Amino acid sequence: MDKPSEEIKPGRESVLEPPLQMSDEDFRSLRDFINHYCGIYFDVQAKFLLERRLSQQLRAHRMRNFRDYYFYLKYDPHREEELNTLAEILTTNETYFFREDYQLQALTEEIVPEIVEARKNEPYPSSEKSLRIWSAGCSSGEEPYTLAMLTKDHLALKRWAVEIFASDISNRVLTLARKGVYRESAFRATQDVYRRAYFETTEEGFRVRDEVRRLVTFGHLNLLDEERIKMVKPQDLIMCRNVIIYFDRESRRRVIKSFFDRLRPGGFLLLGHSESLMNLSTDFILRHFKHDMVYQKPGPGAPPGDAK
Ligand SMILES: C[S@@+](CC[C@H](N)C(=O)[O-])C[C@H]1O[C@@H](n2cnc3c(N)ncnc32)[C@H](O)[C@@H]1O
């Protein structure tokens, strides 16, 4: 399993103050609590990371030990607020536009045309059809905006509406995503043609144009919150990349089951390049496209065959 990374969280870790000591028992209590809350799993090698990241919270609350912090997270009336902070400091938010371009090529050249074909016999005109995509774990918005740029003028989607729902557990990154202003590093895999067409230059950086922003709706959602996930509309495609790699197997299973339930029959699930459903689910069909392999829920348009 991938380990939560050592990415430094802005303004969160003090270089001057050493981390407080966490006992093995407190480590286990906090690890299990965090895992249950958001799926992220810190194994014993990552104890120092947890110690370091949570030390600042103890100091902020003037607490002397991790046991007090654990009880605070569990029982305090302000625990919801603290859980939000926890999501900010424990998640890894690395992302950029047009990440994993071979998968995006499969999406535009093969998957979107297949979806359109599979839905062609629906009893209403294409002007009333909408393609729904969910970017689950969208971080600061580069992924859903990429999807918006790729589908906006897609020929197969002429007269279709495109609705992209983008969610994350961290309010900090969602605020950045809604703002939609990016610096140079977000464009490391972006062709100039997209930057010219879909961004305007401002003093703060490159701002996503309104015609692209309009296609994306952002929402705060914990992927382990099964009750709230039931409220997500049925989707044609779910993209969840580089999110569940930080989870333990049971949390991954739960999330994949939720995705299966939220997909339309025949809908697609796109994971990150190092992720697979091996040992997690046999409900999906593994499709071999020219550019990438992706998962599909059985249904219209899906080939018969063994779920993998
Ligand atoms: C490494 S980023 C991936 C961003 C984007 N999908 C990509 O591949 O470029 C992982 C994101 O997953 C979010 N995340 C982690 N656990 C989550 C959970 N339980 N529910 C929702 N989002 C979560 C993090 O906040 C973070 O923004």
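In each ligand, atom 1 is the first atom listed, and ligand 1 is the first ligand listed. Values in this document were obtained by computation on a predicted structure and should not be read as measured data.
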Compile the donor-acceptor pairs under 3.5 Å between side chains in residues 154-161 and protein atoms, sequence neighbours left out, one pair per line.
{"residue": "His154", "atom": "ND1", "partner": "Ala156", "partner atom": "N", "Å": "3.1"}
{"residue": "His154", "atom": "NE2", "partner": "Thr108", "partner atom": "O", "Å": "2.7"}

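- Partners of Glu200 under the salt bridge (Lys or Arg N to Asp or Glu O under 4.0 Å) rule, at least two apart in sequence or in another chain, are Arg207, Arg209.
- When ring centroids are compared, Phe260 and Phe284 come within the 6.0 Å threshold.
- Between Phe268 and Phe289, the ring planes lie tilted relative to each other; the angle falls in the 30° to 60° range.
- Sorted by first and then second residue, the salt bridge (Lys or Arg N to Asp or Glu O under 4.0 Å) pairs involving residues 220-234 (not counting sequence neighbours) are Glu163-Lys233, Glu226-Arg254, Glu227-Lys230.
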For ligand 1, run through the N/O pairs with the protein that fall under 3.5 Å and put one pair on each line.
{"residue": "ligand 1", "atom": "6 (N)", "partner": "Gly137", "partner atom": "O", "Å": "2.9"}
{"residue": "ligand 1", "atom": "6 (N)", "partner": "Glu143", "partner atom": "OE1", "Å": "2.9"}
{"residue": "ligand 1", "atom": "6 (N)", "partner": "Arg241", "partner atom": "O", "Å": "2.9"}
{"residue": "ligand 1", "atom": "8 (O)", "partner": "Arg99", "partner atom": "NH1", "Å": "3.1"}
{"residue": "ligand 1", "atom": "8 (O)", "partner": "Arg241", "partner atom": "O", "Å": "3.1"}
{"residue": "ligand 1", "atom": "8 (O)", "partner": "Asn242", "partner atom": "ND2", "Å": "2.8"}
{"residue": "ligand 1", "atom": "9 (O)", "partner": "Thr95", "partner atom": "OG1", "Å": "2.6"}
{"residue": "ligand 1", "atom": "9 (O)", "partner": "Arg99", "partner atom": "NH1", "Å": "2.7"}
{"residue": "ligand 1", "atom": "19 (N)", "partner": "Cys38", "partner atom": "O", "Å": "2.9"}
{"residue": "ligand 1", "atom": "19 (N)", "partner": "Asn222", "partner atom": "OD1", "Å": "3.0"}
{"residue": "ligand 1", "atom": "20 (N)", "partner": "Leu223", "partner atom": "N", "Å": "2.9"}
{"residue": "ligand 1", "atom": "22 (N)", "partner": "Ile169", "partner atom": "N", "Å": "3.3"}
{"residue": "ligand 1", "atom": "25 (O)", "partner": "Asn93", "partner atom": "ND2", "Å": "3.4"}
{"residue": "ligand 1", "atom": "25 (O)", "partner": "Asp168", "partner atom": "OD1", "Å": "2.6"}
{"residue": "ligand 1", "atom": "27 (O)", "partner": "Asn93", "partner atom": "ND2", "Å": "3.0"}
{"residue": "ligand 1", "atom": "27 (O)", "partner": "Asp168", "partner atom": "OD1", "Å": "3.4"}
{"residue": "ligand 1", "atom": "27 (O)", "partner": "Asp168", "partner atom": "OD2", "Å": "2.7"}

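- Ring centroid separation for the pair Phe97 and Tyr182 comes in under the 6.0 Å cut-off.
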